[in-house]
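Residue numbers start from 1 in every chain, and the chains themselves are labelled A, B, ... in the order their sequence lines are given, proteins ahead of strands.
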2 protein chains.
Amino acid sequence: MDVECTCSALRMAARRLSQAYDAALAPEKLSVSQYAVLSNLAKREAEGPPSMGELAERLGLDRTTLTHNLRPLARDGLVALVADPLDGRSRRVTLTPDGWAKRRRCQPLWRAAQDHFDRSFGTEPSRALRDSLAAIARHAEGTAAPVPEKD
Amino acid sequence: MDVECTCSALRMAARRLSQAYDAALAPEKLSVSQYAVLSNLAKREAEGPPSMGELAERLGLDRTTLTHNLRPLARDGLVALVADPLDGRSRRVTLTPDGWAKRRRCQPLWRAAQDHFDRSFGTEPSRALRDSLAAIARHAEGTAAPVPEKD
DNA sequence: TCGATAAGGGTGCATACACACCTAAAGGCG
DNA sequence: CGCCTTTAGGTGTGTATGCACCCTTATCGA
């Protein structure tokens, strides 16, 4: 694996690790991607239900990707989209009771996967890695589009 | 971005960085994922055309994912699948002349993206990151499936 | 030689992801 | 108030990804 492309290395690692986490969450038939949505909504419940745009921002997802990703979750009754009474354009995303229950059941499964990774990779290196990855996600934010430059 | 899930952090970083690399490759209408395929085939040409399974292994991809991913490349005439004369089951993947040309045109675009990343993240940290990611990809290899355990 | 098993691949399906483009509602201004 | 611009989202399309399941060809033992 003499991958010299950082992006490809990142994608490869993400694929592999996703498979491990997905396997851990398999008993609840939830993907790590879906777990991330439920978990984010749960952890930041105190701030009130986020709009689509806010949630997409938090998850580092394209706004339209979130629209697509929420479809199976809404179909299964884990999340619900409610119209904002103050802004007819905005739709706020909430966890349903089933969504809360699912998240509670999945958390130990996720924890097991995370612990398993930390044990083999090292807890401290793992934390450092997350920091690096967060920095990349934050920094590459505007890198893709070199500013439209209208006129 | 207080992501505590290593897998989600990895996926998020991969999404963002992919957007940056994709933007760099946009003039040639090639994704970084597709570039990785062409580049891998080109760099290891001396070993002779790999079978589907071998190439999937190299790329850290599921075998069936590679089947799907090769479709647009084959459609556009960048790669070709040739039957193995010694094994009727095996199909070997080769770069076509167009594939070679495309790879040559894309290389400087990829290089620019990689250099841009290295400048902001640091060349040495970048190399260390690739090593860590390669280790994760290699190690998480069998983690997902805990061995079938037949009977 | 033949039948069972293993190995190499492909298909169908569902989710994940983002871009181009569209719609509708909100805000601002004459 | 009516018009224009901005803003929040959705849709359609195409690639990316992997699992369950299927087919075909090798391989090997009786």
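- Within 4.0 Å of B:T65, counting heavy atoms only, lies at least one base atom of the nucleic acid.
- With salt bridges taken as basic N to acidic carboxylate O contacts below 4.0 Å, one links B:E28 and B:K102.
- Close to D:dT17, at under 4.0 Å from its OP1 or OP2, lies no side-chain N or O of A:Q19.
- With D:dA16, C:dC13, C:dA16 as the choices, the nucleotide that has an atom nearest any side-chain atom of A:P72 turns out to be C:dA16.
- Straight-line distance from the CE atom of A:M52 to the P atom of D:dT7: 18 Å, rounded to whole Å.
- For B:S18 against C:dC17, no side-chain N or O and base N or O form a donor-acceptor pair under 3.5 Å.
- In the set C:dG9, D:dG18, D:dT15, the nucleotide with an atom closest to the side chain of B:S51 is C:dG9.
- For D:dG10, the base has a donor-acceptor partner in the side chain of A:R63 [N/O atoms by modelled type, under 3.5 angstrom].
- Not a single donor-acceptor pair, N or O on each side, falls under 3.5 Å between the base of C:dC17 and the side chain of A:T64.
- When the side-chain nitrogen and oxygen atoms of B:R71 are compared with OP1 and OP2 of D:dT17, none of them lie within a distance under 4.0 Å.
- Electrostatic pairing of A:R127 and A:D131 counts as a salt bridge here, judged by a charged N lying under 4.0 Å from a carboxylate O.
- Distance CD (A:E57) to P (D:dT7): 15 Å, rounded to an integer number of Å.
- Using a 4.0 Å cut-off on heavy atoms, the residues of residues 77-112 of chain B that approach DNA chain C are B:R89, B:S90, B:R91, listed by number.
- For the pair A:L25 CG and D:dG18 P, the interatomic distance rounds to 16 Å; values are reported in whole Å.
- Projected onto DNA chain C by closest heavy-atom contact, B:R11 and B:E54 fall at different nucleotides, the more 5' of which corresponds to B:E54.
- For the pair A:D62 CG and C:dC21 C1', the computed distance is 13 Å after rounding to whole Å.
- Phosphate contact (OP1/OP2 of C:dA16, side-chain N/O of A:S33, threshold under 4.0 Å): present.
- Atoms CG (B:L70) and C1' (D:dA16) sit 12 Å apart, rounded to a whole Å.
- Atom CZ of B:R105 has more than 12 neighbouring heavy atoms from other residues, nucleotides or ligands inside a 6.0 Å radius.
- Remark: B:R58 engages B:E47 in a salt bridge, criterion side-chain N to carboxylate O under 4.0 Å.
- Among all heavy-atom pairs drawn from B:G99 and B:L38, the shortest one is O-CD1, 4.2 Å.
- Between B:L17 atom CG and C:dC17 atom P there is a gap of 15 Å when expressed in whole angstrom units.
- Closest to the side chain of B:Q34, from the set C:dT11, C:dG9, D:dT15, is D:dT15.
- Evaluation of atom-type donor-acceptor distances gives no pair under 3.5 Å for the side chain of A:H68 against the base of D:dG10.
- Judged by distance alone, the side chain of A:S90 and the main-chain N or O of A:S51 form no donor-acceptor pair under 3.5 Å.
- Between the side chains of A:D118 and A:S126, at least one donor N or O lies within less than 3.5 Å of an accepting N or O.
- Between the CG atom of A:L30 and the C1' atom of D:dC19 there is a distance of 16 Å, rounded to whole Å.
- Regarding B:L55, its CG atom lies at a distance of 10 Å from the P atom of C:dG9, rounded to whole Å.
- Taking a cutoff of 4.0 Å between a charged side-chain nitrogen and a carboxylate oxygen, B:E57 and B:R63 do not qualify as a salt bridge.
- In this structure, A:N69 does not reach the C:dT15 phosphate: none of its side-chain N or O atoms is under 4.0 Å from OP1 or OP2.
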